[in-house]
Every structure is written in C-alpha cells, then in structure tokens.
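Heads up: the structure comes next, in structure tokens.
Computed over heavy atoms, backbone and side chain alike; hydrogens, waters and symmetry mates excluded. Quick note: residue numbers are just sequence positions, from 1.
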Amino acid sequence: MHSSLTIPHLTVLVAGTTIALFHIYFSNRDNAQARFWKAHPMSDARSEWFWWARVVMRSVFGSKSMVDDGYNTYSSRNNIFGAPSIDRGAFVVIPPQQLKSIYDLPESVVDAHWTQSENIQAKYTIGDPEVFSQSFHVNVIRNQITRSLDYLTAGITEEITLGFEKHWGVDDKEWRRVAAWPSCLQIVAEAVNRVFIGAPHCRNKEFLEATKWHAEWVFSNAFLIHAVPWIFKPVLGNLIWLYGRRVRSKCLKPMLPLIKERLSRFLQQANDPSADWDPPQDGLQWLIEEAWKTGNAKYIDPSRIGHRLLILNFVSMHTTSFTLANALQDLFSEVPSIGSVEDLREECARVLKEAGGVWTKDAVSKLHLVDSTIRESMRISSFSILALPRRVVAEEGITIDDDVHIPKGIYLATPMDAIHLDAKFYSDPTKFHPFRFCHSSHVQGTRTQELYKNRDGDATMPPLDLDKTSAKAKSTVTLDDKFLSFGFGRNACPGRFFALHEIKLMMAHILLNYDIQYFKKRPEQFKIMWVQLPHEKTHFTIKRRLGTI
Ligand code: HEM
C-alpha cells in the first residue's frame, strides 16, 4: 500500500495539531484569567467539540456578526462580553458607557503602548528595540508637523495636483476606470512623503513601493506570529526578525544617501553654527533634530533615522488612503439627485476663490461640509469592528461599574463599528448623511439645506427634524466616545490634524477637478478578523471635469 505523507496530509496534520493545542491551552488554564472567562459570556460560544478552536476560526470572517450580537445582548445593558479572535485569544468588549472611565486610566493600569507594540509584534517585525521603545517620532507628528501645516500646505497641494494627474489622468473626454483604494494609496504616499522627505524624493518610485510593501509586510507577519500557538512564536518570530533586516535595508537603500547627507550637514552646523546651510523643514529634518535632542549617539544613526521614516509612513499611508477611498465610495453611492456632491463643489470653489485661488491652512479649515462628509464616512464605514486594544497590567486588575473585576493580563477592546451604528447615539444610523455634523449655517443656501436645517451638528437629531437645536458642529478631529475612528482618551491619534488636512485637500481637488460616476450600490468593505477595509478590487469610473486643464 502506498503510504507516503503528501503535502495535503501534512497540512491537515499541522492544522489539526495547532487547533488541538490551541483548544487545550485555552480550555484547561486554571488561573485568574480562565476563571474570569468561565464567569463571563463569550460571543458565539456553542456547546460543541473543540468549541474554542472552532469559535476562533469562525471569528476570522465572522467577527462583525459576533460583535454585533454581543453588543445588542450585553453592551446595550451596560454589560461586558468576550469576543474571540485568532490573533489574541479573547477580548473583553467594553460597553460604550464605560469607555470614558477605562480609556483615561494611567498606562500603569491599562496599557496602550506595549499592547500596540504587541499588536504589530514590534519585537520581531520592527526588530530594533531602540526604534520601537523610544518613540520620539511621535513628538515630530504632534509638534513640528501639526504646527507647520500652514507652511506645508503649498507643497502638499502641489504633490496632490501632480499625483492626480499621474494616477487619475487629465482626459476630459473619455471615462476611465481607476482602482479605488490602490490609486488613493499611491497619491497619499507621495503627498505624505512630500511632508516627510520633500521633493523630488517623495516621488522616488523605488522608495514608495518599498515603503508600502514594508507596511503590508509588518501587518501580515504580525498576524502570522499572532495566529500560531505560543509555543511556535519565538521560532517563527525570529525567522521573521531575520528576514525583516533584509526588508528594511531594501526600503532604505534609495533614501540612505539623502539621510546621510542631511545628517552630515546637520552635524556640521551643530558643531559650527556659522556654517552656511538653510535646513529644510520636513519630517526627516525634524527627526534628526529630535534624535539630536536625546543626546544619545545611538539615535543619531542614518539607518535608525531611516527606520523611523518607515514608521511614519507605516502609520500614515494606509490609514489616510483607506479613509479617502471610503469617503469617496460613500459620497458617490448616494442618490445623485440629493445634490450633496454639488453642495460640496460649491463650498470648495467658494472657499478657494475667497482665499485668492491658493489653499492655506485657514482656507482648508473653512471646508465645513467636506469636514462633515469625512467624519460621517469615518463613522459609517469605520475601519474596525473591534478597536483600540488595551491590556490590563495592574497587579490587582481593574473593577468596572463597581462590580465587575477584570484580572491582570486580560485584553480589552471597543466595539467601534457597533457604537458608530447605534440608534441611541445617531439618528438613522445606517444611512450616510454627509452633512450630519455641520452647523445649520454651513448648509444655508445649499441644495440640501432643507434636509439639515436647524440640526446644528447634533448627530442624534433625525436628519429631517426641523424643530430641535442643540450641540455645536463637530470637526472630524474632535474626539468623543461615540466617534472613535481616531481613538479616544490619552492615546488618541496624534496625526489626525495632518491626516484630516490632507484628506480635505484631496477631496477638494477631486471635487473641483474630476467627475466620478455614481455607484448603484455602496461597494462592500472587505472584512477580516477585526478590521474592515475598502476592497482592493473596487474601481472608480472617472473623467477630468471640462475646463479644468
Ligand atoms: C485617517 C487617517 C488616520 C486614522 C483613521 C488614524 C487612526 C488612529 C487611531 C484609531 C489611533 C489610536 C490607536 C489606539 O488608541 O489604540 C492612532 C494612533 C496613532 N496614529 Fe493615527 N490615524 C490616522 C493617521 C495618522 C497619521 C497621518 C499619522 C502620522 C503622521 C498617525 C500617527 C499615529 C500614531 C503615532 C499613533 C500612536 C499614538 C500613541 O501611541 O500614543 N496617524 N491612529
């Protein structure tokens, strides 16, 4: 009889052993965490063989319904429940009423940074502890980039103009199809790098391709490490760590000469302030200055500075391009006769004209309808089913709502999508109302004014209710516990001012210069594990608007 093991046999054997180990590990632990889980409900847990392994497998493509069911059953009564995940085991899902008390707890009680590092398996995928444990690049985002938005606007605008010409074309006669999210990613990559490394380096194809690849490489390998049982993690992690060195050196190769030259000029001037050099104002320069401020030679190293540049790209490119692609898909899936696109176009044209035909930070801040459209899209097409992971690190655990004790080591998360679509917080929650967050004065004189009159930015008011008035309009960067796309509490996104500024500039550019054909139906997002993203296969059908070239 022929008895040799074939590849399919081996695959079944390895998968079976993995599932069994997974099951034994999670179902037989007898510690505070195991006792906690025995006492609390787990979404979609069934009485079946290998229940844990099976519920985890179902969560890969079924997280949305699992979390929605748990949210409707438990969160709506202010109770916690567990959500299984293949990458992290189980999360405690925090009900919306408890978010404020949990997300403002100190890092020594509920950890964000270590958890974020673990999220991307930074030890293996980022590799260099000097880079992921010392995050002075966050200062550059929070301070220099955010404060320089006015200065940076001209460069970003130029890059956006060139980017759209290159990737969306200038033909005003024939419609053409462009890949929705991938083309947004290309344009965003060039625009963010205009701020990080300046022109013409921000157009270096080799660097941009490698940087995009690096971000996707980190995400996919972090997932792989999470998904294997703990016993195999160090082996797989170290193999990935080894390969990561090659990945980073490939990414940095095209940029190292620039970084070395900048560093040498910076050091020359630091040693001799009379040296004749006017340093550029960009992310690279600010990273070098922050590295210098640490006074530690190990940070003033070209490869480490380059590695931080990769991290700036990693946190910016995908988030920003997902948001832009979603906003366009939501807007162009409306019924065309509503007229939101025309209202937005009018706002962009008016504000640009008032600014003398040149975008400035002040002019961008007057794009209220555009701002509201982006916030509404981030609400209705949020990128996460379960978001903002945290870990309880206090020895004594935490107690929420006075009677639920959560022991040390348990992961917490927020049901972002379910909160964003909860009728208690938003009227008509599953409908995209682009000017939901505007002040009524901003929609005055528009085609859609009757729809939004007297709403004054209160998203809980029914869109057609003309009687009530209350809260102020909310910009997309305004955080609250019912709008979580930029995070919440002490670790909210420091890049949100920069991201929103860029997305508004890109939306304005598109609205003024391109026609996009409406979708018959909003394209589905791709849902996997706890994220939901614009589908790579969705296309826009576009044409340059007549008279814009
Ligand atoms: C629309 C685009 C963006 C979205 C939706 C977004 C979303 C988020 C969210 C939800 C968090 C919080 C994670 C948590 O609390 O666990 C976060 C953190 C962060 N974001 Fe963003 N982000 C965007 C753009 C950017 C950009 C452009 C930058 C940099 C220039 C950036 C840099 C960061 C950093 C450094 C953190 C970590 C903050 C910390 O550890 O305290 N983000 N982002």
Side-chain angles (χ1 to χ4, degrees), residues 153 323-324 326-328 330-381 420 425-480 482-483 485 497 500-516 518 545 547-548:
T153 302
T323 306
L324 176 65
N326 270 334
L328 293 172
D330 285 323
L331 186 60
F332 286 92
S333 298
E334 273 208 304
V335 176
S337 59
I338 293 177
S340 311
V341 169
E342 286 69 26
D343 284 347
L344 286 162
R345 270 194 186 126
E346 266 168 21
E347 179 185 71
C348 296
R350 175 177 40 78
V351 171
L352 185 59
K353 192 171 168 212
E354 283 166 13
V358 180
W359 287 116
T360 59
K361 180 170 175 256
D362 187 45
V364 174
S365 72
K366 292 181 182 147
L367 295 174
H368 302 289
L369 300 182
V370 177
D371 192 325
S372 171
T373 304
I374 297 166
R375 186 174 171 109
E376 172 67 344
S377 169
M378 290 176 87
R379 177 192 73 80
I380 200 166
S381 304
H420 284 183
F425 309 133
Y426 296 101
S427 66
D428 203 5
T430 53
K431 178 105 200 293
F432 176 71
H433 287 293
F435 308 148
R436 187 188 280 276
F437 296 104
C438 278
H439 195 280
S440 55
S441 64
H442 298 140
V443 272
Q444 257 167 36
T446 66
R447 288 166 181 75
T448 44
Q449 65 175 335
E450 279 306 309
L451 217 57
Y452 297 95
K453 211 160 94 186
N454 292 337
R455 291 181 38 73
D456 286 358
D458 182 354
T460 58
M461 280 172 58
L464 289 166
D465 185 336
L466 307 181
D467 296 321
K468 304 178 211 160
T469 52
S470 81
K472 295 217 168 72
K474 279 182 177 155
S475 162
T476 306
V477 289
T478 313
L479 306 171
D480 71 48
K482 311 294 177 286
F483 175 75
S485 296
F497 301 93
L500 178 66
H501 189 68
E502 278 203 322
I503 299 169
K504 282 165 88 175
L505 281 168
M506 286 189 261
M507 287 284 284
H509 185 84
I510 294 167
L511 288 159
L512 291 175
N513 294 292
Y514 289 92
D515 284 321
I516 302 183
Y518 281 82
R545 303 191 77 211
T548 59

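- Listed here is the closest heavy atom pair of Met507 and Leu324: SD-CD1, 4.0 Å.
- Ion pairing of Glu376 with Arg436 is present here, as a side-chain N (NZ or NE/NH1/NH2) and a carboxylate O approach within less than 4.0 Å.
- Looking only at distances, a side-chain donor or acceptor of Glu347 sits under 3.5 Å from a matching main-chain atom of Val370.
- With rounding to the nearest 0.5 Å, the separation of CG in Leu344 from CD1 in Ile510 is 11.5 Å.
- In summary, of the residues considered (Asp330, Asn326, Thr323), a side-chain hydrogen bond (donor to acceptor under 3.5 Å, both in side chains) with Ser377 occurs for Asp330 alone.
- The two residues Ser475 and Leu500 make their nearest non-hydrogen contact at OG-CD2, 3.8 Å.
- The NE2 atom of His442 sits 14.5 Å away from the OH atom of Tyr452 when rounded to the nearest 0.5 Å.
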Would Tyr518 and Val335 count as a side-chain contact (heavy atoms from CB on, under 4.5 Å) if you check the C-alpha gap in whole Å, the side-chain angles of each, and the deciding distance to 0.1 Å?
-> CA-CA 8 Å; Tyr518 281 82; Val335 176; over 6 Å; no
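- Put simply, CD on Glu342 and CZ on Arg345 are 6.0 Å apart, with the number rounded to the nearest 0.5 Å.
- Taking the charged nitrogens against the carboxylate oxygens, Asp371 and Arg375 have no contact shorter than 4.0 Å, which rules out a salt bridge.
- Put simply, the side chain of Phe437 does not reach to within 4.5 Å of the side chain of His368, judged on heavy atoms.
- At least one donor-acceptor pair closer than 3.5 Å links the side chain of Tyr426 to the backbone N or O of Lys482.
- Separation of atoms CG (Leu505) and NZ (Lys361) is listed at 12.0 Å; rounding is to 0.5 Å.
- Checking side-chain atoms of Ser372 against main-chain N and O of Leu369 turns up no donor-acceptor pair under 3.5 Å.
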Show your working on side-chain contact (heavy atoms from CB on, under 4.5 Å) between Asp515 and Arg545 and close with a plain yes or no.
-> CA-CA 6 Å; Asp515 284 321; Arg545 303 191 77 211; 3.2 Å; yes
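- A donor-acceptor pair is defined here as one N or O able to donate and one able to accept, closer than 3.5 Å; such a pair exists between the side chain of Lys504 and the backbone of Val364.
- For Arg379 and Asp480, the salt-bridge test fails: no basic side-chain N is under 4.0 Å from an acidic carboxylate O.
- At distances below 3.5 Å, at least one donor-acceptor pair connects side-chain atoms of Thr446 with backbone N or O atoms of Gln449.
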Kindly indicate, with the supporting measurements, whether the criterion side-chain contact (heavy atoms from CB on, under 4.5 Å) is fulfilled by Lys366 and Arg350.
-> CA-CA 10 Å; Lys366 292 181 182 147; Arg350 175 177 40 78; over 6 Å; no
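- Here CH2 of Trp359 is found 5.5 Å from SG of Cys348. Values are rounded to the nearest 0.5 Å.
- Leu331 CG to Ile374 CD1: the interatomic distance, rounded to the nearest 0.5 Å, is 10.5 Å.
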